[in-house]
Amino acid sequence: MEVRTRFAPSPTGFMHLGGLRTALYNYLFAKKNGGKFILRIEDTDQERFVEGATQVIYDTLRGCGMDWDEGPDVGGPCGPYIQSERKDLYLPYAQQLVASGHAYYCFCTKEELEERRAAAEARGEVFKYDKHCLHLTKEEVQRKLDAGVPYVIRQNAPTEGETSYDDLVFGHMTFPNETLDDMVLIKQDGMPTYNFANVIDDHLMGITHVVRGTEYLSSTPKYNLLYAAFGWEAPQYIHLPTVMRDAHHKLSKRDGDAYYSDFIEKGYLTEALINYLALVGWNPGDDREFFTLPELIEAFDIHRLNKAPGIFDMDKLTWFNAEYIRRMDFERYLTMVTPWFDRVLAGKGMDYRRLAELMQGRTEVFNRVPDMVRFLAELPDYDLELYTHKKMKSNPEVAMQALTLCRPVMEGITEWTEQNIHDALMAAIAQAGMKNGAVLWPLRIAISGQANTPGGAIEIAWLLGKEETLRRMDDGMARLTRAAQG
RNA sequence: GCCUCCGUUGUCUAGAGGCCUAGGACGCCGCCCUCUCAAGGCGAAAACACGGGUUCGAAUCCCGUCGGAGGUGCCA
């Protein structure tokens, strides 16, 4: 039988990384088995409707290379793939369950329920619906229905015995039926709950494997009871361990940073994100760490899925990102880094190509680029302490000597190329009998104003151009002179 | 509280009774390279939650304890 998986997000306006990973595993499992990956939008919560939210889902999934075989915009034999457009389809199924005794009408209001819930909590108990409306007579129910009293339809879960199922990751799961609450199937507004819609839709869409987070682990028996009530075969379940922000908190929507779009805006690469995400809760069984999407499909195996929650490690993600950037084709890097250069260097006539060569190996995340190259636009105010470097055998006095030595040499260079700058400087240093570091360190400080720079004195001098380099050297000597006098 | 699940270095993990003096990766630290930083090379520190069993032998099996997570919505 063909494997069919589905990713069923609710359109909140953002794609959460935990959700993205769920989508990834659904996609990988389907493709690994030559099956179909289906996208279904679960928008049954009208109060949470967000304009344009489905587009975010499409863009994110496509951006990550996870094309779906069936879905809202591409169609398919089981459409529509947006639950709100399937609205009228669910009620008859619920009524069928009422007829067979597996569900019942409930007229309790939200307020009443809220009161009883609060009362239960006050007593230190946990509220569980008491099947109050299950005991209404047929006539009473009909009278209320005729009178237009608002209602919901609840599942009539058994109170004795136990229900179990086999999860492909967690194994055999057994739950006492007495812990099963009579969950709402159809809400007062006529819309199905997620709990109900997902069962109906998964069946109607022929989903063979449900891949989702462990938050559904304990409601799964209720779903299976529903499948059984309809006489349908339940799908296989693959529950995924939670992605955590830290040891105690789930990587949640409230963290703000957990959205795919945030990472992309910061300058994380989609490939790095996907690669890293795949490894939170799964491993290939060997030491490989770098995977393209096709390679992930090839390597994916649900038996290597973990059960324990995994903490999202920003440092490791950043390392992956830096690795992907280093391995990136230079022309692509140049294209990607240009807007980040522009933020601080626009209009400065800087040679982006050379700067990019210097920067590619040092770029971990693109949003760190502006701060790294800003000194090229304007010499920052700096502390003269920077001239002191033990290992380079440099201090303010040495720096003064070095700059005094370099100044005429630099001025004398007619063709401003890195090679010429290098040769002229090296010759002068050798002639003066000084150490390379003792000259080049102060020079770099004078023209950059900071301890660390992408590239050394020669590269930076070339990037700045002769005029600006000389100006900054003069500035440095002036600073040193002032300090020596003061 | 109740139900369910989980528990190897700071983090992600390998490990399915002897191959483990517990392997890899990130991070951290040190050294080398070097005009800085980064990259690269080399090296170090760092874990089987605890307690009982079973066994000739346990990170691996069983029980308990502790710790953590998820669920307990007319959210999904």
Side-chain angles (χ1 to χ4, degrees), chain A residues 8-10 12 19 42-45 47-48 106 108-110 113-114 117 121 124-128 150-154 167 170-171 173-176 178-181 183-189 191-195 197-198 212-221 239 241-242 244 246-250 276 279-283 285-289 304 306-320 322 326 358-364 372 386 389 391-392 394 425 429 435-445 448 450-460:
Chain A
S10 59
T12 59
E42 309 224 332
D43 58 346
T44 57
D45 186 358
E47 291 176 18
R48 280 221 231 160
C106 172
C108 297
T109 66
K110 280 185 187 177
L113 257 19
E114 210 40 62
R117 198 184 305 278
E121 273 171 30
E125 294 167 16
V126 167
F127 179 74
K128 186 185 163 202
Y151 66 88
V152 301
I153 294 180
R154 283 181 185 276
D167 186 279
F170 286 87
M173 305 285 293
T174 301
F175 296 80
E178 58 175 342
T179 64
L180 271 26
D181 201 4
M183 63 182 183
V184 171
L185 269 21
I186 299 291
K187 299 185 252 193
Q188 207 177 82
D189 65 5
M191 286 291 242
T193 56
Y194 161 84
N195 295 315
N198 106 82
R212 56 162 52 144
T214 49
E215 59 265 37
Y216 301 104
L217 210 48
S218 47
S219 41
T220 298
H239 283 104
T242 317
M244 308 287 285
D246 57 49
H248 306 291
H249 305 276
K250 198 172 157 179
Y276 174 65
L279 263 15
V280 181
W282 174 83
N283 74 81
D286 53 39
D287 288 343
R288 284 180 298 164
E289 291 204 286
R304 304 212 63 94
N306 283 304
K307 298 177 187 173
I311 297 173
F312 185 84
D313 184 351
M314 192 69 82
D315 286 337
K316 182 112 190 198
L317 200 218
T318 299
W319 174 77
F320 265 112
R326 283 179 210 120
L358 260 15
M359 285 291 292
Q360 183 165 6
R362 300 167 221 254
T363 307
E364 294 189 299
M372 294 170 75
L386 285 183
H389 191 292
K391 218 175 146 200
M392 294 300 122
S394 172
L425 245 22
I429 291 169
K435 289 275 185 193
N436 283 353
V439 174
L440 295 172
W441 171 270
L443 175 58
R444 194 180 57 80
I445 296 301
S448 70
Q450 56 191 41
N452 305 328
T453 52
I458 293 159
E459 290 90 344
I460 291 167

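No hydrogens, no waters, no symmetry mates; every other heavy atom, side chains included, goes into these values. In what follows, chains are A, B, ... by sequence order, proteins preceding strands, each numbered from 1.
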- Can you check each nucleotide of nucleotides 8-22 of chain B against protein heavy atoms at under 4.0 Å and return B for base, S for sugar-phosphate only, - for none, in 5' to 3' order? ---BSSSS-------

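- Taking the six-membered ring where the residue is Trp, A:Tyr276 and A:Phe312 present perpendicular rings, their angle passing 60° and hence far from 30°.
- Remark: A:Ser448 engages no residue in a side chain to side chain donor-acceptor pair (under 3.5 Å) (not counting sequence neighbours).
- The side chain to side chain donor-acceptor pair (under 3.5 Å) test applied to A:Thr214 returns A:Thr242, not counting sequence neighbours.
- Within 4.0 Å (heavy atoms only), A:Met244 reaches sugar-phosphate atoms of the nucleic acid but no base atom.
- Residues meeting the side chain to side chain donor-acceptor pair (under 3.5 Å) test with A:Thr179, sequence neighbours left out: none.
- Across all strands shown, B:G64 forms a Watson-Crick or G-U wobble pair, both distances under 3.5 Å, with B:C50.
- For B:U36 and B:C26, the C1' atoms lie 25 Å apart once the distance is rounded to whole Å.
- Here the P atom of nucleotide B:G27 and the CG atom of A:Leu317 are 12 Å apart, to the nearest Å.
- In this structure A:Arg288 satisfies the side chain to side chain contact (heavy atoms under 4.5 Å, CB included) test together with A:Pro284, A:Asp286, A:Phe291, A:Ala299, sequence neighbours excluded.
- Across every strand in view, B:C26 sits in a pair with B:G10 that passes the Watson-Crick or G-U test at under 3.5 angstrom.
- A distance of about 14 Å separates the C1' atoms of B:G24 and B:A46, rounded to the whole Å.
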- Note on the structure: Scoring nucleotides 39-50 of chain B by protein non-hydrogen atoms under 4.0 Å (B base, S sugar-phosphate only, - none) yields SS----------

Name each donor-acceptor pair under 3.5 Å that joins a side chain in residues 435-442 of chain A to protein atoms two or more places apart or in another chain, with its distance.
| unit_1 | atom_1 | unit_2 | atom_2 | d |
| --- | --- | --- | --- | --- |
| A:Trp441 | NE1 | A:Leu386 | O | 2.9 |

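- Smallest separation of non-hydrogen atoms from A:Pro221 and A:Leu180: CG-CD1, 4.4 Å.
- Note: CG (A:Asp246) to P (B:G68) measures 13 Å, nearest angstrom.
- Protein atom CZ of A:Phe127 is 10 Å distant from nucleotide atom C1' of B:G73, rounded to whole Å.
- A:Thr220 comes within 4.0 angstrom of no nucleic acid atom, judged by non-hydrogen atoms across all strands.
- Across B:G7 and B:U65, the matching C1' atoms stand 13 Å from one another, rounded to whole Å.
- Not counting sequence neighbours, the partners of A:Arg444 by the side chain to side chain donor-acceptor pair (under 3.5 Å) test are A:Thr453.
- Counting non-hydrogen atoms under 4.0 angstrom, A:Ile458 reaches a base of the nucleic acid.
- Using a 4.0 Å heavy-atom cutoff across all strands shown, A:Thr174 reaches sugar-phosphate atoms only and no base atom.
- If you find the closest nucleotide of RNA chain B to A:Ala8 and to A:Glu459, the one lying nearer the 5' end belongs to A:Glu459.
- Rounded to a whole Å, the CE atom of A:Met183 is 13 Å from the C1' atom of B:U72.
- Residue contacts shown for A:Glu42 are limited to sugar-phosphate atoms, with no base heavy atom under 4.0 Å away.
- Contact annotation: A:Lys391 side-chain N/O to B:C35 OP1/OP2 distance is not under 4.0 Å.
- At a threshold of 4.5 Å between non-hydrogen side-chain atoms, the residues A:Thr220 and A:Arg212 count as touching.
- With a cut-off of 3.5 Å on both pairing distances, the Watson-Crick or G-U wobble partner of B:U4 is B:A69.
- Not one side-chain nitrogen or oxygen of A:His248 sits closer than 4.0 Å to the OP1 or OP2 atom of B:G68.
- Within a heavy-atom distance below 4.0 Å of RNA chain B, the residues of residues 212-219 of chain A found are A:Thr214, A:Glu215, A:Tyr216, A:Ser218.
- Contact check, A:Ser448 against B:U36: no side-chain N or O comes under 4.0 Å of OP1 or OP2.
- Applying the side chain to side chain contact (heavy atoms under 4.5 Å, CB included) rule to A:Leu358 yields the partners A:Arg354, A:Glu459, A:Leu463; only residues at least two apart in sequence or on another chain are considered.
- If you take atom C1' in B:C28 and the same atom in B:A47, they sit 16 Å apart, rounded to whole Å.
- A straight line from OH of A:Tyr151 to C1' of B:C74 spans 13 Å, rounded to a whole angstrom.
- Evaluation of the side chain to side chain contact (heavy atoms under 4.5 Å, CB included) rule for A:Pro192 yields A:Thr44, A:Tyr90, A:Ile186, A:Phe196, A:Ala197 as partners, not counting sequence neighbours.
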Interface polar pairs with nucleotides 59-65 of chain B, N/O, under 3.5 angstrom:
none

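- Residues A:Lys128 and A:Thr193 each lie close to RNA chain B; by heavy-atom proximity, the contact nearer the 5' end of the strand is made by A:Lys128.
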